[in-house]
Amino acid sequence: MLPGVSFKSKILQLNVFVFGISLFLSLLVFPLHLFSQKIEIGAGFGAMNYKGDISPDFHPGFARLGGNIMFRYNLNNSVSFRASALLGKIYADDKQVSDPMNQIRGMSFNTKIDEIALIAEYNFFNYKYSRYHKDWSPYVFGGLAAMKFSPDQDPIDDYKTNQIVIPFGVGIKYNIKRNWGINLEFGTRKTFTDYLDNLGGNHPGYPKFPERLCP
C-alpha cells in the first residue's frame, strides 16, 4: 500500500453542457404573467460528472446526460426560490484514469441519480422580464436536496441509497424576450455518502487502497 495516499469524500458535480459547445447547463424558463412575473416554470438538460475514488480528477469523457424541471418564485428582483427535480447518471472507469492505483484496481460504475431540491438564488443585478429591453444577471445559488442513487452493479455492502445533498454553484440568466429566458448554470453537490461509485467502506474484494504488486 502506498503511504500518505487517501481517497475521501465524494462530490457529485453537475457540469453543464450547452448544445455541445461549452460546459454549462441550458435551462429554458417561461414566466406566468398571471402572477406579475413572480412565477416561472422551465426545463433543462446538461451533463453530470463525478469526482471521487474512481475519478480523483475531472474527466470530461465520464460525463453523462441529465435533465431537470423547475418551478421558480421570484421574491423580488434580487432573490428567487426554486424547486427542481433532476434525473441523470454518473459514470467512471479506473482503467481510463492515469493513476497506477486506479489501473490496478480496475473498477467501473454506472449510477442512476434522482434528486429533488429546494434552492435559493441571489441575483447580483436587479433582474426582471421586460417587453422593452433584454435583461440579464449573474447569480449564485445554494440549497438542500434529497437524492436517491442506484448503482447498476450488485451492492458490495449494505448502504443507504437515499441521501441528503447540498447543491450550490453559480450561473447567469438572460431574458430573450418577455416570455422566455435562458439560464446557464454550473453547480456541484456535496454528498454525505461514500458509495456513489459502489466502492465505499473497506470491502476486501474491492480495496479502496490497492496494494502494489511486489517482485
Side-chain angles (χ1 to χ4, degrees), residues 9-32 39-52 54-55 58-75 79-92 109-123 138-153 155 159-174 180-198 200:
S9 64
K10 306 288 188 298
I11 296 179
L12 169 62
Q13 296 186 326
L14 178 60
N15 301 308
V16 286
F17 189 78
V18 178
F19 308 128
I21 297 174
S22 60
L23 294 174
F24 288 97
L25 171 69
S26 175
L27 182 66
L28 296 177
V29 294
F30 179 77
L32 301 180
I39 292 178
E40 302 170 27
I41 57 175
F45 66 94
M48 300 176 64
N49 213 322
Y50 150 96
K51 184 176 181 182
I54 298 182
S55 180
F58 174 65
H59 288 265
F62 292 161
R64 292 295 181 267
L65 186 65
N68 70 352
I69 57 175
M70 56 83 69
F71 174 93
R72 177 185 283 137
Y73 176 75
N74 298 306
L75 182 64
V79 178
S80 301
F81 299 96
R82 78 175 191 240
S84 65
L86 179 148
L87 302 174
K89 286 188 175 182
I90 55 175
Y91 163 82
F109 77 97
N110 199 350
T111 296
K112 180 183 176 183
I113 300 290
D114 301 326
E115 177 193 277
I116 298 176
L118 296 175
I119 292 173
E121 301 174 357
Y122 177 78
N123 303 320
Y139 64 94
V140 295
F141 68 89
L144 193 65
M147 176 187 71
K148 179 176 177 60
F149 65 100
S150 306
D152 61 358
Q153 304 91 343
Y159 55 82
K160 295 181 180 179
T161 58
N162 296 312
Q163 296 287 331
I164 297 298
V165 298
I166 300 176
F168 57 94
V170 297
I172 185 168
K173 54 183 66 174
Y174 179 72
W180 294 97
I182 294 180
N183 290 189
L184 306 177
E185 187 172 284
F186 175 87
T188 66
R189 270 70 174 159
K190 170 60 180 175
T191 73
F192 300 94
T193 177
D194 198 32
Y195 288 96
L196 289 178
D197 50 19
N198 199 31

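Applying the side-chain contact (heavy atoms from CB on, under 4.5 Å) criterion to Val140, with sequence neighbours excluded, gives Tyr122, Phe124, Val170. By the ring-ring contact (aromatic ring centres under 6.0 Å, His included) test, Tyr91 pairs with Phe62, sequence neighbours left out.
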Report task. Apply the test side-chain contact (heavy atoms from CB on, under 4.5 Å) to residues Arg82 and Phe71: give CA-CA distance (whole Å), side-chain angles for both, the deciding distance (0.1 Å), then the verdict. Result -> CA-CA 5 Å; Arg82 78 175 191 240; Phe71 174 93; over 6 Å; no
**Report entry** Trace of the side-chain contact (heavy atoms from CB on, under 4.5 Å) decision for Leu86 with Met48
**Finding:** CA-CA 10 Å; Leu86 179 148; Met48 300 176 64; 3.6 Å; yes
Report task. Carefully, step by step, assess Asp194 and Phe192 under the rule side-chain contact (heavy atoms from CB on, under 4.5 Å). Result -> CA-CA 7 Å; Asp194 198 32; Phe192 300 94; over 6 Å; no
**Report entry** Chi angles and distances behind the side-chain contact (heavy atoms from CB on, under 4.5 Å) call for His59, Tyr50
**Finding:** CA-CA 8 Å; His59 288 265; Tyr50 150 96; over 6 Å; no
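With a 4.5 Å cut-off on side-chain heavy atoms, Ile172 and Leu184 count as touching. Annotation: side chain of Glu121 is not in contact with side chain of Val79 (no heavy-atom distance under 4.5 Å).
Other residues, nucleotides and ligands contribute more than 12 heavy atoms inside 6.0 Å of the CG atom of Leu75.
Note that CG of Asn74 and OG of Ser80 are 3.5 Å apart. Values are rounded to the nearest 0.5 Å. Taking CG of Leu196 as the start and OG of Ser55 as the end, the distance is 12.0 Å to the nearest 0.5 Å.
Remark: side-chain polar atoms of Thr111 are not paired, donor with acceptor, to backbone N or O of Asp197 under 3.5 angstrom.
Asn183 and Arg72 share a side-chain donor-acceptor pair at under 3.5 Å.
Look at Lys173 and Glu185 and you find no salt bridge, because none of the NZ, NE, NH1 or NH2 atoms lies under 4.0 Å from a carboxylate O. Under 4.0 Å is where a charged nitrogen must lie from a carboxylate oxygen, and between Arg189 and Glu115 at least one such pair does.
Under the 30°/60° scheme for interplanar angles, the aromatic rings of Tyr159 and Tyr195 are found to lie parallel.
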What pairs of donor and acceptor atoms, side-chain ones from residues 146-153 against any protein atom, are under 3.5 angstrom apart with sequence neighbours left out?
from: Lys148; atom 1: NZ; to: Thr161; atom 2: OG1; distance (Å): 3.3
from: Gln153; atom 1: NE2; to: Ser108; atom 2: O; distance (Å): 2.9

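When all heavy atoms are compared, the tightest approach of Val165 to Pro167 is O-CD, 3.5 Å.
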